[in-house]
Number of protein chains: 2
Amino acid sequence: MASPSHDSSRLDNTLAVIRTLRDRGPVARVDLGTLNGISSATVTSISAELLHQGLITELPPDTPRPNGRGRPKTLIQLAPEAACVICIKLSINELQLVVGDYAGQMQHSEHHAIDTLALTADELIALLEEKIAEVRSTALASHRRLVGICLAVQGVVSSHSGTLIWSPALRFRNAPLSALLAERFDCPVLLENDANCIASVLAAQPAYAGYPNLVVIMLGYGIGMSVLIDGVPFLGANGSAAEFGHSKYQPGGALCACGKRGCIEAYTSDYALYRAASDVIELPAGDSAHPSEPQMQALTQLALQGHPEAVRIFAEAGRALGYGMANLLALFNPDLVLITGSGVRGFTAMHDAMQDAISEALVTELIGPTRIASCPWDRDMTCLGGIAITLQATDPQLLMGST
Amino acid sequence: MASPSHDSSRLDNTLAVIRTLRDRGPVARVDLGTLNGISSATVTSISAELLHQGLITELPPDTPRPNGRGRPKTLIQLAPEAACVICIKLSINELQLVVGDYAGQMQHSEHHAIDTLALTADELIALLEEKIAEVRSTALASHRRLVGICLAVQGVVSSHSGTLIWSPALRFRNAPLSALLAERFDCPVLLENDANCIASVLAAQPAYAGYPNLVVIMLGYGIGMSVLIDGVPFLGANGSAAEFGHSKYQPGGALCACGKRGCIEAYTSDYALYRAASDVIELPAGDSAHPSEPQMQALTQLALQGHPEAVRIFAEAGRALGYGMANLLALFNPDLVLITGSGVRGFTAMHDAMQDAISEALVTELIGPTRIASCPWDRDMTCLGGIAITLQATDPQLLMGST
DNA sequence: GGTATTTATTTTAGTGTCTAAATTAAATGT
DNA sequence: ACATTTAATTTAGACACTAAAATAAATACC
C-alpha cells in the first residue's frame, strides 16, 4: 500500500536529464536545470558523470547558436552511438524492422512483405531471429551495444509477461515471444501494443502537451486505442486494456473479426466498411476481407465525392464510432481524443454522424470539456514510439550497469 | 513532462508512517520500518517529531500485547483528538453528517431527511452551513482543530475545482460548493463522488488488497462507479470519469433519468427496475419514480422467489449490466470488479444473465483474468471513505503547518 | 537469583545528494 | 580597456538516510 522513497533522487534526476535531451535535442546545462526543477550545480554533476560514461557529448562551441550577451551556453546532447535498439512492427502481412540510436532517432528501416496469417509461432520466432540477427550485426558496427528490442504488435499483448495474447495478424495465440528472443539476443525484449507506441510519440509532441488524459484511437484494418495518463500508457491487469475496437455499439449487431457481434470494429474498420460496401457498390477487385490501401482509397473517394451508398456506409461507421466515443467520454473523461491511423482518410465522411451520435448519447455535462481531433497518419510513428519506449525502459539498467 | 524529485523524502516517509497507523491501528516502530521499507532509526526520528507535535501517542507499556522474548514493542498510535474532519453525504432525500477523528474513526453521525430536489443552490449552502456549524462546535470541544470538510455527493463532481456539476439529488447544476464553504469554515473543503469514497474504503480492506486495478460498481437509485488505479481514484479531465451508469447498452433504448436513452442505468437502477415492474406487477404504493427501500425489497423478493415477470425484469437488468461490464473489461481490463450498493440485494437475480451477456459480448482473451464479485452493502462506508480521503489530503498541510 | 539470550529502540558515525552562494569563464557593449 | 551579462563550476553547508554500536527491557535457563 504505502511505499515511500529511499534516496533514489540521483537516478531520478539523471533519467530526467536524459529524457529531456532525448525529447528536445541539444540543451544547455542551465536549461536542463530549469526544465527539470533542479539546480545547475546538480546538472553539472550529473552531466560530468554522463560525459565520463560516454552517454552524452558537448557540442563544439563554434556551433551556430542564438547569441546574446554573457557567456555562451554549451549545449550537450546524447551520443547517438552510445547504444542502439531494434524495433519490429508486426502487422497484417508486413514486418517492419527499424534501428534506433541512443538519441531516439531512426537510423535504418526495412519492410518485408510476409504472409503473417500463414505463420506458426515457431516460424515467426525463427523469422524474427533471422531478421533481427541481420540488422543487429550492421547496427553494432556503428553503435556500442544493443540495449533492447521492441516488438510492436497490433492486437492484445501482455507487456508485463511478454506474452502475445491475440493478434489479428496471426492465427496462433498466447505465445511467450519476449522470453525466447531475450535469451537469444541477451537483452530485454519489450512487447508493446502498436497503439501505445504511436500514442507515446504523439503525446511527446508540443502540440499535444498539456493534456494529462489523452486517448488515441487508431482507425485502420482494425481499431486500436491507447489511453495515456500523465504520459504513461494505461495497461490494466494483463495489458489488454483499451480494447476500444471490441467495445460494443449494438448488442447482436454486425459480425466482428473477433467472432462476436456488435463491436465498434465491425462497423468502423477498413474490413467492415469494405464488406458493407461490396454488397452494393462496384469496387476494385481484391481480397475484400483484407482490403488493400488502394481499395480503401477508392471506396473513401466515393464517400467524399457524395456517392449515396458510400456516404450512408461511412455515416453508419461514424455513428458506431460516436457511440463508442460516448462510452469513452463517460468512462475516461479525457482531455483530448486524437483519431489517427490509416483510416483517418475517411474521417471527414464519418465526422458529422459521429458528433450527432455523441450528442444523442450523452448529456452535455458528461461530454464535458473533451476536445476531439484527428491527426495525419505517419506509418513510421509506431517504430519511433517503440524506440522511445525501449530506450526509456532500458536507461536505468544502462546507467547502473556502467557504474 | 519530466519533473523529478527534490528532497521530499522526509515528508513522504512521515506521511507513509501516518497512513500505516491510520490503516492498521497501533504499530511498533520496527514494524513501521519494515512495512514502509525504511530503517527503524528513521522511524525513531519521525516518531519523535510526531510525538512532539502531539499527532501520535505511545501506548502505555502495560497494555496487553502478544509477548515473546526480548524487549517488548512500544506501540504508537494516532492521537484521535489531534484533529477532526466533517464528512457530509448528500444523496436523494437525505443528508448524513459525520465527524471523524484524526485516527479516521467515526465519532458522531446524524441523518436528516431533506427534500433535496426542492432545494435551490443557495438554500443548500445555507443548510450545509447551518448543519456543519452545529456539528463543528460540538466536535471542537474534544478535538484540537477541524482540518477539513468533505462533501460526498452522488453524481458528477469536479473535485479539482470543487464544483458540483450534476447530481440526481438536486435540480440545479454547476454549483461551486467548495469555495463558499471553505471560506466560511476556513479549512479545505473536498468535493468527492460517493462511489470514490466507498471504493477507497473497500480498497483498504485486506480482502481486496493486491488488486492494483480495481473497479467498484454501486447499484442503487442510480448506478455509480469508481476506478482505482494503485489505490488512487481515476478522475479524468474534470472529474466526471467512471460514469458507468450512463455508458450505453442499447442505442435508442430505455429512457434514463439523465434524459438520454439506452444508458445502463435505465435498465439496472432501482427506478428502472421499479418502472419496468409497475407496468406488469401489483406492487406496494408509493412514488414509483423514487422507490423506497421497502418498495425495492418487495420487488426483489418477488424475483428471488421466482415470479416470472420479476425474474424477466431482473434478467434484462443483468443483461444490460453484463454488456456494460463487457465494455469495462475491454477498456479497463481490471483485476477485480466489485459490485455493491443497496442494489446488491437483487444481484443474485441478475447474475446469470450478466455472465451470459459478458460471454456473448467478448472473446475469452478479452475477458481476461478479471474477477467479478459482489460485496455486502454498508451505508456508512461513504462517510468513512470521505473521512479517510480528507485526512490523507490534509495531512501534508497539518505537518507543514505545525513545524 | 543470576546470567545469557533475544528483541526493540536510540545513538553514533558516516555517506550521498541537493542547494545557495561564491568563484571562475567567456562572451558583448561602451 | 573595462563594465556588464550570462553560464558553468566549485565550495560550504544542510538534510535525510542507513549500518553498526550502544542501550533498554523483557524472557529463558541453570
Side-chain angles (χ1 to χ4, degrees), chain A residues 2-17 20-21 26-52 56-77 399-400 403, chain B residues 2-17 20-21 26-52 56-77 399-400 403:
Chain A
S3 67
S5 49
H6 280 243
D7 219 348
S8 61
S9 61
R10 186 50 173 270
L11 181 59
D12 287 352
N13 288 338
T14 308
L15 290 171
V17 164
T20 307
L21 290 172
V27 182
R29 282 168 244 249
V30 230
D31 300 325
L32 286 170
T34 47
L35 284 168
N36 291 299
I38 50 182
S39 73
S40 60
T42 303
V43 178
T44 294
S45 158
I46 287 171
S47 54
E49 175 84 22
L50 292 174
L51 228 28
H52 174 74
I56 61 171
T57 51
E58 284 188 344
L59 280 181
D62 53 274
T63 305
R65 52 199 135 79
N67 267 340
R69 292 259 245 144
R71 177 174 174 174
K73 305 182 177 196
T74 357
L75 302 179
I76 58 186
Q77 69 182 150
L399 289 171
M400 313 283 251
T403 303
Chain B
S3 66
S5 51
H6 280 243
D7 217 348
S8 60
S9 60
R10 186 51 172 270
L11 181 59
D12 287 352
N13 288 338
T14 307
L15 290 171
V17 163
T20 306
L21 291 172
V27 182
R29 282 168 245 249
V30 230
D31 301 324
L32 286 170
T34 47
L35 284 168
N36 292 298
I38 51 183
S39 72
S40 60
T42 303
V43 178
T44 294
S45 157
I46 287 172
S47 54
E49 175 84 22
L50 291 174
L51 228 29
H52 174 74
I56 62 172
T57 51
E58 284 188 345
L59 279 181
D62 52 273
T63 305
R65 54 196 135 80
N67 267 340
R69 293 259 247 147
R71 176 175 177 174
K73 303 183 179 198
T74 356
L75 302 179
I76 56 185
Q77 69 182 151
L399 289 170
M400 312 283 251
T403 303

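Letters A, B, ... are given to chains in the order of the sequence lines, protein chains preceding strands, and every chain is numbered from 1. Predicted model only: the values in this text are computed from it and were never measured.
The nucleotide whose nearest atom lies closest to any side-chain atom of A/Arg69 is, among D/dA8, D/dA25, D/dT4, D/dT4. For B/Val30, the side-chain atoms get nearest to C/dT9 when compared with the rest of C/dT9, C/dC18, D/dT27. For A/Lys73, the side-chain atoms get nearest to D/dA8 when compared with the rest of C/dT9, D/dA25, D/dA8.
When each of A/Ile56, A/Val27, A/Leu51 is checked for a side chain to side chain contact (heavy atoms under 4.5 Å, CB included) with A/Ile76, only A/Ile56 meets the rule.
Side-chain contact of A/Asn36 with A/Thr20: a donor-acceptor pair under 3.5 Å is present, judged by distance alone.
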Between the protein and nucleotides 9-13 of chain D, which nitrogen or oxygen pairs are less than 3.5 angstrom apart?
{"from": "D/dT9", "atom 1": "OP2", "to": "A/Thr44", "atom 2": "OG1", "distance (Å)": "2.9"}

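Rounded to whole Å, the distance from CD1 on A/Ile46 to P on D/dA8 is 14 Å. When the P atom of C/dA20 is taken as reference, atom CD1 of A/Ile38 falls 12 Å away, rounded to whole Å. We find that CG of B/Leu59 is positioned 15 Å from C1' of C/dA8, with the value rounded to whole Å. Between the CG atom of B/Asp31 and the C1' atom of C/dT7 there is a distance of 11 Å, rounded to whole Å. Across the protein-nucleic acid pair, B/Leu75 atom CG and D/dA26 atom C1' stand 14 Å apart, rounded to whole Å. The CG-P distance, from B/Leu32 to C/dT7, rounds to 19 Å in whole Å. Nucleotide C/dT15 holds its P atom 17 Å from the CZ atom of A/Arg10, rounded to whole Å. The nearest whole Å value for the distance from the CG atom in B/Leu11 to the P atom in D/dC15 is 15 Å.
Taking side-chain N and O atoms only, B/Ser9 has no distance below 4.0 Å to OP1 or OP2 of D/dC15. A sub-4.0 Å separation between OP1 or OP2 of D/dC17 and a side-chain N or O of B/Asn13 is present. For A/Thr74 and D/dA8, the shortest distance from a side-chain N or O to OP1 or OP2 is below 4.0 Å.
Looking at heavy atoms from C-beta onward, B/Thr57 lies in side-chain contact with B/Gln77 at the 4.5 angstrom threshold. In this structure, A/Lys73 and A/Asp31 have side chains that are in contact, with non-hydrogen atoms separated by less than 4.5 Å. Counting heavy atoms from C-beta on, the side chains of A/Glu58 and A/Ser47 never come closer than 4.5 Å.
Between B/Ala28 and B/Gly70, the residue anchored nearer the 5' end of DNA chain C, judged by the nucleotide with its closest heavy atom, is B/Gly70.
Separation of atoms CZ (A/Arg10) and CD1 (A/Ile38) is listed at 8.5 Å; rounding is to 0.5 Å.
Across every non-hydrogen atom of A/Pro26 and A/Leu75, the tightest pair is CB-CB, 4.0 Å.
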